Amino acid sequence: MSMRTLPLVFINLGGEMLYILDQRLQTQNTADDNTQKGVWSDDDRKRVMNDIIATMFSKAFMEELLKPQDLYSNRALRTVLTRLAHASIMRLNPASMDRLYELMVMAFKYQLLLCPRPRDLLIISYNHIDAIREFVRDTPSVLNQVDETHRKIIEVYTPLSDGEFQLLRQTLLIFLQDMHVRVSLFLKDKVQNPNGRFALSTTGPVPHGTEVPGLIRMFSGNGKEWKRWEFPTGGSYTSSIRVGSFERFGDRVSRIGTNMYSVTQPEETHTSKNYSQKANSEPNPLAKEELNLLARLLGGMKVQNRNTETGFRVNLFATDQEEEEASLFNSGCDAYCSILIRDVQVNTELARIAGEFTGEPEQTESPEGPSNKGDDLLAMMDEL
Amino acid sequence: MASNMYHKEKSIQMKSSASALYNNLSVLRIAPRSLTYFTVVHANMVNMVSASWDGLNYSHRQLQSKEANVATSSSLIMQAAWCVLPSRDILVLTSQKGIQMYESDGSIMVYWHALDTPETQTAQAVFARGIAAVREKYICVGISSGSMLVFDVPIKGSNITLSEVLEEHKESITDLASECSGSLECIADMVSADDSGNLCVWKSGEDFQLLNKIPGFDMSCSSVKLWKGTVVAGYGTGQIRLYEAVTGIVHAEVNAHARWIYSLDIAPFSGLLLSAAEDSLVRVWHLTMTPETNSVEIVHMYNECVTDTQICGAKFCDGDGYAFAVTGYDLSEIIRYTQV
């Protein structure tokens, strides 16, 4: 379907990821968790954010995304996002990455559904970019990259018609179909129902360009209106509010896509899903092609020195018990995933990059030390 | 408005959920066998459910998009619809890769037409969308480029041929509709709609003839119907407009929905009109023709709110509009309503 989804996918999903990381890393500082206490400083956090944003908005990465192409599969997208999350010295265990991915994706799904007009997906994207700009306002080189990307996005997307935006939105909705992970923040705000589905309102302002429902007008042959009457609408709508700015700067008006974690408590990023839900694990015959695509993309990403002893291993969300539950769920996937990798030709660029993980000596596991390198490889392979 | 005109019946469960696509429900009533077929698109697959009228028997079939395994990309299906011709019913699937046609119950594929895909990837998406059976022997399908393919369908067998390519639209085709009143007096046989809201009115034949072009207002027309010479068009703004097909004269304008309209349907024997949108609402209207004054009147009859659902398909299950069915994005059920 739409060939233009990827840049917006990464800006919005990446943006959500940054919101969550920023909030969670701040929480780590004040946590009672002894393994992390005292490890993170404000500078560390800023450094993580800068590194990730620099990678995401790098010229090479964005250029690759902007090429007209189909949307990646769930698997491929998750791999790249995991790699992005690890573009800094921070390391996430699989359970944390799972949780992060679920939060990101459910937030984006919610934003897509609430989007008043398909074109407003740009407003949502620009809200994310505005926030990202704030994160790196002290680092001119990265800020410049963000600005440059924003300019490009405006250039590419402004000429698209409403129909093309709807096609883009439909493509994304198909991608996010059947995901009903419950997020405690959403449940608390009643934007998500206990069954995981989002609450859609039948009240409020209509989108710009739409009339408030309720009026029927009849015209005679010469174009003159000869009768009008109202019908009951079953909803309660008001006129549209003003349109937000589609420029690089300006009042976006809509709050969709702004940081909803900035005032939340840590517990509200708790997610839960029915484990009886069908996991998307059917054999993927496109694996090889996807990996080639991925390889080109990841090959352009700066590889952090894995040897660093200052690499920080982070549990973003899980208590020990939740982590155990999550790993039990994931373990069934491991065996399948490793088989899948064997089936694919190993001389792809991706395998080369992945090989950088295995080429390093095993580090002794210590409570506060860097994570076991095998864990990283497994974590990455899990996503494929 | 009769607030109790319809009531909800038992839903039909599907094997997978409905995708957010225009006109994502097709219904075929098979009276001799007392059953009804429903088809709903899920990504690169079509769910087909056959429901017996006594409500006791349901059977499921899933049709795959052809060439879904080709290395370059998956092939998403844009639309699935039944084409009712005098001697046979053909199920047509339109996807990113091409057009598949199946015999009756979906068990045999009788025809495959591959879309021309450009050598190098362009920003323009390539897909087929918009399906209509026209008069006795044609099936028309729209393309993302704006072209329309006219297929000549024999009384039986797989010797389906491409008869003509109509190049009139410049934007992606969104929907096609043929005259559904059954009247042979109507001059216009088919209407086509595109992403900029332009409507083309056609007369069928060995060479299709363009009768009229009704300009859009830069807003996508996502669903269109043609009944007794009147075009009923639903737009992304939530508006419904009624036009006289051959002249383009606007009969009526309705501020019908608060969000993008995804589906329209007409019950030809009664003149009931069904509209459904992303705003969670299904509305039933009644159309009345007054030939003396050459006017068409539209009256609102009924609302149904499908809570927390962006509706993507809504169709009457019979020619009188006694029952209708609804699909919604992410819903794995077909919700049914019948008149009280």
Side-chain angles (χ1 to χ4, degrees), chain A residues 1-4 67-71 73 113 116-118 156 161-164 166-167 169-171 173-180 193 197-202 204 206-207 209-223 225-227 231-235 237 285-286 288-289, chain B residues 1 16-17 19-21 42-43 69 71-74 76 78 96 121-125 127 171-172 174 194-196 218-220 222 236-239 244 249-260 279-281 283 293-300 303-305 307-310 329-330:
Chain A
M1 286 173 63
S2 177
M3 296 283 136
R4 290 240 175 260
K67 290 182 190 160
Q69 58 195 302
D70 269 316
L71 181 55
S73 70
L113 283 171
R117 308 170 298 168
V156 166
S161 69
D162 291 309
E164 284 172 291
Q166 183 65 288
L167 183 74
R169 182 172 170 273
Q170 289 174 342
T171 310
L173 286 175
I174 289 174
F175 177 78
L176 297 168
Q177 206 158 338
D178 303 323
M179 298 195 68
H180 300 297
N193 298 322
R197 290 164 190 278
F198 290 112
L200 301 179
S201 155
T202 52
V206 291
T210 292
E211 300 290 333
V212 175
L215 185 65
I216 301 174
R217 300 165 72 197
M218 307 283 312
F219 298 92
S220 59
N222 57 8
E225 183 189 306
W226 65 271
K227 193 172 171 191
F231 67 89
T233 57
Y237 297 103
L286 310 177
K288 184 178 174 210
E289 277 308 312
Chain B
M1 180 194 89
S16 53
S17 56
S19 292
L21 297 163
H42 171 95
N69 290 335
T72 43
S73 65
S74 66
L76 295 174
M78 304 297 288
Q96 287 178 270
Q121 197 69 272
T122 62
Q124 162 84 348
F127 55 83
E171 304 294 325
S172 297
T174 46
D194 72 24
D195 249 346
S196 60
D218 260 334
M219 173 44 67
S220 182
S222 38
T237 50
Q239 238 187 22
E244 183 179 71
I249 293 171
V250 181
H251 285 305
E253 202 175 88
V254 184
N255 297 338
H257 288 276
R259 292 283 189 284
W260 207 284
D279 64 358
S280 305
L281 283 154
R283 304 197 197 276
T293 52
N294 192 29
S295 68
V296 180
E297 200 164 284
I298 176 168
V299 171
H300 176 257
N303 292 327
E304 185 67 54
C305 181
T307 315
D308 298 336
T309 303
Q310 296 203 336
Y329 168 64
D330 246 357

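Side-chain atoms are counted along with the backbone in the values below, which use heavy atoms only and exclude waters and symmetry mates. Given the structure is predicted, the values throughout are model-derived calculations rather than measurements. Residue numbers begin at 1 in each chain, while the letters A, B, ... track the order of the sequences.
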Taking B/Glu304, B/Glu244, B/Glu253 one by one, which has the highest count of heavy-atom pairs under 4.5 Å against chain A? B/Glu253
Check for a donor-acceptor pair, side chain of A/Tyr237 on one end and backbone N or O of B/Ala258 on the other, with a separation under 3.5 Å. no
Side chains of B/Ile298 and A/Met218: closer than 4.5 Å at any heavy-atom pair? yes
Do B/His300 and A/Pro232 have side chains that get closer than 4.5 Å, going by heavy atoms? yes
Taking every non-hydrogen pair under 4.5 Å, which of A/Asn222, A/Leu71, A/Leu173 racks up the most with chain B? A/Leu173
A/Met1 side chain near B/Leu21 side chain, heavy-atom distance below 4.5 Å: yes
Any side-chain heavy atom of A/Asp178 sitting closer than 4.5 Å to one from B/Asp330? yes
What distance do A/Leu200 atom CG and B/Arg259 atom CZ have between them, rounded to the nearest 0.5 Å? 9.0 Å
What part of A/Val156 is in contact with chain B, defined as an atom under 4.5 angstrom from a non-hydrogen atom: side chain, backbone, both or neither? neither
Residues B/Tyr329, A/Leu176; criterion side-chain contact (heavy atoms from CB on, under 4.5 Å); working and verdict: CA-CA 11 Å; B/Tyr329 168 64; A/Leu176 297 168; 4.2 Å; yes
Could you tell me whether the side chain of A/Gln177 and the main chain of B/Ser17 form a donor-acceptor pair under 3.5 Å? yes
Under 4.5 Å to a heavy atom of chain A? For B/Asp194 that would be neither
Between B/Gln124, B/Met219, B/His257, B/Gln239, who has the most heavy-atom pairs with chain A when the cutoff is under 4.5 Å? B/His257
Quick check against the 3.5 Å criterion: does B/Arg283 have a side-chain atom that pairs as donor or acceptor with the backbone of A/Thr233? yes
Which atoms of A/Leu167 are under 4.5 Å from chain B, going by heavy atoms: the side chain, the backbone, both sets, or neither? side chain
Closest heavy-atom contact between B/Ala252 and A/Phe219? CA-CD1, 4.1 Å
side-chain hydrogen bond (donor to acceptor under 3.5 Å, both in side chains) against B/Glu297, all qualifying residues, sequence neighbours excluded: none
Sort B/Ser220 into side chain, backbone, both or neither according to what part of it lies under 4.5 angstrom from a heavy atom of chain A. side chain
Which bit of A/Thr202 comes within less than 4.5 Å of chain B, counting heavy atoms only: side chain, backbone, both or neither? side chain
If I take atom CG from residue B/Asp308 and atom CG from residue A/Asn193, how far apart are they, to the nearest 0.5 angstrom? 5.0 Å
Give, for atom CD1 of A/Ile174 and atom NE2 of B/His42, the distance between the pair rounded to the nearest 0.5 Å. 9.0 Å
Between A/Phe231 and B/Val254 the two heavy atoms that sit nearest each other are CE2-CG1, 3.9 Å
Tell me, for B/Leu281 versus chain A, whether the close heavy atoms (under 4.5 Å) come from the side chain, the backbone, both or neither. side chain
Among B/Ser295, B/Cys305, B/Ala125, B/Ala123, which residue forms the greatest number of heavy-atom pairs with chain A at distances under 4.5 Å? B/Ala123
Between B/Thr237 and A/Thr210 (side chain of the first, backbone of the second, donor and acceptor by atom type, cut-off under 3.5 Å), is there such a pair? no
Taking side-chain hydrogen bond (donor to acceptor under 3.5 Å, both in side chains) as the test, write out the residues that go with B/Thr174, two or more places apart. none
Can you say whether A/Arg117 sits under 4.5 Å from chain B via the side chain, the backbone, both, or neither, judging by heavy atoms? neither
For chain B, which of A/Pro213, A/Gly235, A/Gly163 has the most heavy-atom pairs under 4.5 Å? A/Pro213
Interchain contact, B/Thr309 with chain A, by part (heavy-atom threshold 4.5 Å): backbone
To the nearest 0.5 Å, atom CZ of A/Arg217 lies from atom CG of B/Asn255 at 8.0 Å
